[in-house]
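Here the structure is laid out as structure tokens; the discussion comes afterwards.
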Number of protein chains: 2
Amino acid sequence: MPKQRQGTPVSMLARQLTILDAFDAGTAFLTLSEIAERSGLPMTTTHRLVGELVEERMLERLPDRSYQLGLRLWELAARTPRAMGLREIAYPMVQLVQNQVRQHTQLGVEGGYDVVYLERMSRSDAVVNATIVGGRISLGASAIGHVLLSDRPKEFLAEVVESGIRRYTDKTPQTFAELLELVERAREVGYSIAEGFIHPAARGMAAPIYGADGQVLAGLGVVVPSGGPVDMRIVELLRRAARGVSQQMRAAYIDPNHPNALPGAKFRVLINSSKSSMEYFDEDGS
Amino acid sequence: MPKQRQGTPVSMLARQLTILDAFDAGTAFLTLSEIAERSGLPMTTTHRLVGELVEERMLERLPDRSYQLGLRLWELAARTPRAMGLREIAYPMVQLVQNQVRQHTQLGVEGGYDVVYLERMSRSDAVVNATIVGGRISLGASAIGHVLLSDRPKEFLAEVVESGIRRYTDKTPQTFAELLELVERAREVGYSIAEGFIHPAARGMAAPIYGADGQVLAGLGVVVPSGGPVDMRIVELLRRAARGVSQQMRAAYIDPNHPNALPGAKFRVLINSSKSSMEYFDEDGS
DNA sequence: CCCTCATTTCCGATGATTGGAAAACTCACT
DNA sequence: AGTGAGTTTTCCAATCATCGGAAATGAGGG
């Protein structure tokens with residue numbers, strides 16, 4: 001008599017995602033048994049689920065019987081407004097900043113209690129930088145995180161602290177009070193500085209990108225060597241570039257012929273908002 | 001007594017994907033009932049599945065109760081070797097071609113019986129072009145499709161024809177014989193020309209990108225005005241750029257410190273292959 | 001306030017899902 | 001070719017998560 005479903009009241013979807021998540025940043029290829037081991041699912045169940053995922057092209061099987069993440073994921077992701085949508089629209093501005101500052105330049109949005117990095121342009125000679133495209137870092141530790149948090153209620157900051165901010169250096173914010181001060185300051189001045197929070201030699205700088213309804217959608221930032229006075233020219237460049245992205249986002253929402261149009265009748269919602277949004281757009285980014 | 005599961009022997013995963021697929025290229029935002037209608041699932045089932053998808057951040061709920069595709073999809077897609085992996089690696093070469101040719105430049109891989117476009121760079125003054133990033137066009141109708149097919153058995157070509165090639169113009173290949181001739185020619189000369197197959201005024205040109213094991217992984221192409229002789233300088237540029245991408249791909253596979261490294265012990269498989277792969281790499285693309 | 005339409009909760013019937021056991025297959029090494 | 005350790009696939013009976021109709025609840029417009 002087989003022992004059945006003892007301690008597993010989990011949804012199908014959660015299990016499928018456990019399997020997909022087995023492919024982390026350092027692991028592009030896995031065999032069936034490796035997937036089973038990493039996901040903690042029984043072999044048989046893994047076997048069936050992997051089969052279904054291959055059927056749907058979420059996974060692909062290679063000639064040597066190992067698996068990799070499939071194209072179907074990309075096809076879906078390409079339609080994600082907050083990720084590909086934003087990334088494509090922001091690209092020219094990220095490049096502009098990168099050309100001027102010639103250091104790591106990155107674009108990130110909020111995902112859970114982390115910043116999810118959508119874009120990262122680097123120079124080989126730039127200072128160290130822990131992030132990768134598609135990677136995550138706690139909202140509490142990153143300059144982009146702080147501008148994202150500057151738009152959110154205090155309770156959310158508390159949750160971020162609660163969730164645990166990895167202590168990269170002895171300067172990484174760890175308490176609610178520390179984080180609150182940094183975030184409030186970011187809101188007041190309209191940008192954030194993260195001096196040695198992730199690496200002693202690195203200073204993060206970031207400015208907010210606003211959605212059409214005036215809320216903070218994303219952050220645009222650079223990583224420069226730490227120490228010395230803050231270069232306000234970089235701050236101004238970031239703010240201007242971020243405003244340019246905001247404007248392009250708005251154009252993409254309201255103009256169905258925009259090269260990166262985000263279609264679907266969202267007009268009312270995006271325009272009849274409490275906050276006027278026009279104030280955020282004053283630079284042509286095309 | 002409720003009528004139960006009559007004609008629905010479908011897997012959970014297939015239903016979830018039906019829901020995600022309801023968000024097509026022209027539809028970034030949908031309400032619950034719109035999702036139910038588009039996916040053809042009963043309201044109640046849709047409600048539960050959408051709830052689970054939101055829970056897992058595959059969908060996101062907006063303040064006006066509509067839904068959009070979620071960041072989780074992006075995070076997974078960012079680790080897809082054949083999509084993001086290739087796209088990021090190929091980017092500089094695509095840009096190089098675009099700068100020289102100053103027409104639509106695109107990068108595509110095989111997905112089912114279609115080309116899936118990973119990248120597309122355009123000029124506002126360039127000729128018409130039907131493709132979008134993340135979009136699909138039958139392998140049989142596209143220049144990139146023909147170079148992808150040039151590496152595949154005849155039986156697969158037959159399946160492509162079987163699957164139905166949309167008749168964009170009266171030149172769009174429709175029969176197995178037509179397609180076979182085009183694809184064989186592409187294999188012989190190492191590039192493909194699609195004269196008016198998708199639009200009367202457009203000529204597609206493409207060259208193959210090879211994986212480390214010598215098989216065709218992707219195609220790099222341009223869309224130029226149709227008519228007149230084929231510009232062999234463009235053909236050579238495409239072939240050279242495509243070879244550069246091939247080389248970078250190989251570097252990403254074997255060097256874990258490559259900026260776009262594709263990690264995971266694939267050495268044996270990729271190197272101990274029947275075909276020698278060195279012949280494909282003769283240009284430094286960095 | 002009322003009415004309409006959209007969303008959510010409820011719940012009994014049921015079949016898709018589960019996972020142990022065993023068979024089948026791979027591949028490295030003789 | 002033969003052996004054997006490891007991996008992958010098939011099989012199948014028990015069962016619990018899923019299904020969807022019905023009804024309650026909520027939202028928004030007039």
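Labels below follow one simple rule: chain letters A, B, ... track the order of the sequence lines, proteins then strands, and each chain is numbered from 1.
Picking from D:dT8, C:dT7, D:dG20 the nucleotide with the shortest atom distance to the side chain of A:Leu32 gives D:dT8. Relative to the side chain of A:Thr44, the nucleotides C:dT9, C:dT7, D:dT10 differ in distance, and D:dT10 lies closest. Nearest to the side-chain atoms of B:Met12 among the listed nucleotides C:dT7, D:dT9, D:dT18 stands D:dT18. Checking D:dT18, D:dT9, C:dT8 against the side-chain heavy atoms of A:Met43 singles out D:dT9 as nearest.
Regarding contacts with the backbone of C:dC5, every side-chain N or O of B:Ser33 stays at 4.0 angstrom or more from both OP1 and OP2. For the OP1/OP2 pair of C:dG19 and a distance below 4.0 Å, the side-chain nitrogens and oxygens of A:Arg15 include at least one atom meeting the criterion. Taking side-chain N and O atoms only, B:Thr45 has a distance below 4.0 Å to OP1 or OP2 of D:dG20.
Taking 4.0 Å as the cut-off between side-chain N and carboxylate O, A:Arg187 and A:Asp151 do not count as a salt-bridged pair. Taking a cutoff of 4.0 Å between a charged side-chain nitrogen and a carboxylate oxygen, A:Glu75 and A:Arg57 qualify as a salt bridge. Note on A:Arg166 versus A:Asp114: no salt bridge recorded, every NZ/NE/NH1/NH2 to OD/OE distance being 4.0 Å or above.
Looking at which nucleotide of DNA chain D each of A:Thr31 and A:Leu13 is closest to, the 5′-most match is held by A:Thr31.
Separation of atoms CD (B:Glu55) and CD (B:Glu52) is listed at 8.5 Å; rounding is to 0.5 Å. To the nearest 0.5 Å, atom CD1 of residue B:Ile132 and atom CD1 of residue B:Ile137 are 9.5 Å apart.
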Each nucleotide N or O in nucleotides 28-30 of chain D that has a protein N or O under 3.5 Å away: list the pair and distance.
none

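For A:Phe156, the ring-ring contact (aromatic ring centres under 6.0 Å, His included) partners are A:Tyr113, not counting sequence neighbours.
Following rounding to the nearest Å, B:Glu55 (CD) and D:dA17 (P) show an atom-to-atom distance of 16 Å. Put simply, OH on B:Tyr67 is 10 Å from C1' on C:dT8, counting in whole angstrom units. The distance from atom CG of A:Leu41 to atom C1' of C:dG19 is 11 Å, rounded to the nearest whole Å. Atom P of nucleotide D:dG6 and atom CD of A:Glu37 are separated by 14 Å, given to the nearest angstrom. Atom CG of A:Leu49 and atom C1' of D:dT8 are 15 Å apart (whole Å). Remark: P of D:dT9 and NE2 of A:His47 are 4 Å apart, rounded to the nearest angstrom. The CD-C1' distance, from B:Glu34 to C:dT7, rounds to 14 Å in whole Å. Distance, B:Leu53 CG to D:dT18 C1': 15 Å, rounded to whole Å.
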Next item on the list: Take A:Leu76 and A:Thr80, measure what side-chain contact (heavy atoms from CB on, under 4.5 Å) needs, and give me the verdict at the end.
Entry: CA-CA 7 Å; A:Leu76 289 167; A:Thr80 311; 6.0 Å; no

